[in-house]
Protein chains: 2
Amino acid sequence: MDSESVAPGTVRPGGRTAQVRAAVLRAAGDALAEGGFAHLDLADVARRAGVGKTTVYRRWATTTGLVADLLTHMAEESLPRTETGSLLGDLKANARLVQRTLSDERHGALFKAVIAAATCDPRTAEALHRFYGVRIAEWAPCVQQAVDRGELPEGTDPHEVIRAVSAPLYYALLTSGATLDKPAAGRAAEAAAAAARAGVFASQAGTGVG
Amino acid sequence: MDSESVAPGTVRPGGRTAQVRAAVLRAAGDALAEGGFAHLDLADVARRAGVGKTTVYRRWATTTGLVADLLTHMAEESLPRTETGSLLGDLKANARLVQRTLSDERHGALFKAVIAAATCDPRTAEALHRFYGVRIAEWAPCVQQAVDRGELPEGTDPHEVIRAVSAPLYYALLTSGATLDKPAAGRAAEAAAAAARAGVFASQAGTGVG
DNA sequence: ACGTTAAAGAAACTGGAGTTCCGTTATGGA
DNA sequence: TCCATAACGGAACTCCAGTTTCTTTAACGT
């Protein structure tokens, strides 16, 4: 990326170059979902994508580099949030979306794999952080609306509340063998809402409850 | 492990065998903390441990196998919890312990690495789940005491409350670049306490708040 | 439409992770 | 204390992930 001259794929990004990137990223997602990050092999990705392995090595160089680009791609296709009119309804919708994504065989494995990749390389970690930054920012407005309606204390940090919804679901995915079911999503949303109402995420920290 | 005859290290586990295991696990921890799971190399671990690489390959075979054994070892040395007399005090002590561990340069990297390893292999995942099972069970009694004191609703699941304390800290460690500071630990404890008081973790789920 | 050259791709090469072989050490039972 | 053998360790070997080299294809400015 910061190499001498320009990175491959930047001068003539149209046509074949774009097709190759799409095919390789799709293949990388498949490979990650099937075998996890440890078994990710660039030659195998090239084979799946129907592309020369030289091309993959030249454009992405390492497995972490490929995952970083995959995350950039994933951040671009962010799905719009739904609106229910109440804080708890919105948070439950968000929790349900996360829970369904993570408990889906393919997507759950894929998310585990990209998180694993991010722990091994700073640049990939940055891409992961940006991805979640986008996802969180997409849902934060529903918390701000709740503050404006008077459902939550002034100064509540919307991003913190949305993160509080996802956190227990990701924690369960990674550290326990428990299945992520609908009740788990409900608890995640209700816990975040209860904490937000108690003022835990308001700017004057620690003033919440005694 | 389920191979023909017996696994190496089980028939004569004393003396040299035990020393080799200790040296290798220490070296593995160092290597994981420094380079992450992706760069873990059994030959390098052997070199660090001052042990023949043949030995490491024979006894642990794969990087995930080595991490699994490391997790088993980590589960055995569980540190006792502190008691403060109040639920929030106990939860804050727990949150503080987790936060200090994860924000420590070496331990933070180590935990990220073992989580990454667990995403790549079922046996390692099992070992990780057992490790967190032990850690959570160590702290669960303080929640039960709060229930007995009447601080929390009957039927509150102690394990869920303790997990709720750790979840946002691990989520931050893995998905955001944010530094885990003392206020973050405080928020984690207060959020879990607020949710528990609201009945989110009580057996009759969803009855919590309207 | 045409020419320049960026980017893809085929094939041969290389280094090191992981394996095999066999000799050496020292554990644990008698 | 002594012996059988479990476990360790050095060294040579294998195989494939990753690299290098060179040729072919097609993107984009004119």
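Quick note: numbers below take in every heavy atom, side chains included, and nothing from hydrogens, waters or symmetry partners.
Rounded to an integer number of Å, the gap from B:D44 CG to C:dG16 C1' is 13 Å. Atom P of nucleotide C:dT19 and atom CG of B:D41 are separated by 12 Å, given to the nearest angstrom. In this structure, B:Q19 places its CD atom 15 Å from P of D:dA7, rounding to the nearest Å. In this structure, the NE2 atom of A:H39 is 12 Å from the P atom of D:dA17, given to the nearest Å. Distance, B:W60 CH2 to C:dG18 P: 15 Å, rounded to whole Å. Going from atom CG of A:L42 over to atom P of C:dG9 covers 15 Å, rounded to whole Å.
The base of C:dA10 is paired with the side chain of A:T54 by a donor and an acceptor separated by under 3.5 Å. Not a single donor-acceptor contact under 3.5 angstrom links the side-chain atoms of B:R58 to the base of C:dG18. For C:dG9, its base never sits under 3.5 Å from the side chain of A:K53 at any donor and acceptor pair. Between the side chain of A:R59 and the base of C:dA7, no donor-acceptor pair under 3.5 Å is found.
Side-chain nitrogen and oxygen atoms of B:Y57 include at least one within less than 4.0 Å of the OP1 or OP2 phosphate oxygen of C:dG18. Neither OP1 nor OP2 of D:dA7 sits under 4.0 Å from any side-chain N or O of B:T55.
Of the candidate nucleotides C:dT25, C:dA8, C:dG18, C:dT25 has the atom lying nearest to any side-chain atom of B:R16.
There is no side-chain donor-acceptor pair under 3.5 Å between B:R16 and B:Q19.
Using a 4.0 Å cut-off between a side-chain N of Lys or Arg and a carboxylate O of Asp or Glu, A:R21 and A:D69 qualify as a salt bridge. A salt bridge is absent between B:E138 and B:R135: the closest approach of a Lys/Arg side-chain nitrogen to an acidic carboxylate oxygen does not fall below 4.0 angstrom. A salt bridge is absent between A:K53 and A:D44; no separation between the charged side-chain nitrogens and carboxylate oxygens falls under 4.0 Å.
Using a 4.0 Å heavy-atom criterion, one finds that A:T62 contacts no nucleic acid atom at all.
When all heavy atoms of B:V98 and B:S166 are compared, the closest pair comes out as CG2-OG, 3.8 Å.
Of the two residues near DNA chain D, B:T10 and A:A61, the one whose nearest nucleotide lies more 5' is B:T10. When the nearest nucleotides of DNA chain C are assigned to A:R21 and B:R47 by heavy-atom distance, the more 5′-ward of the two goes with A:R21.
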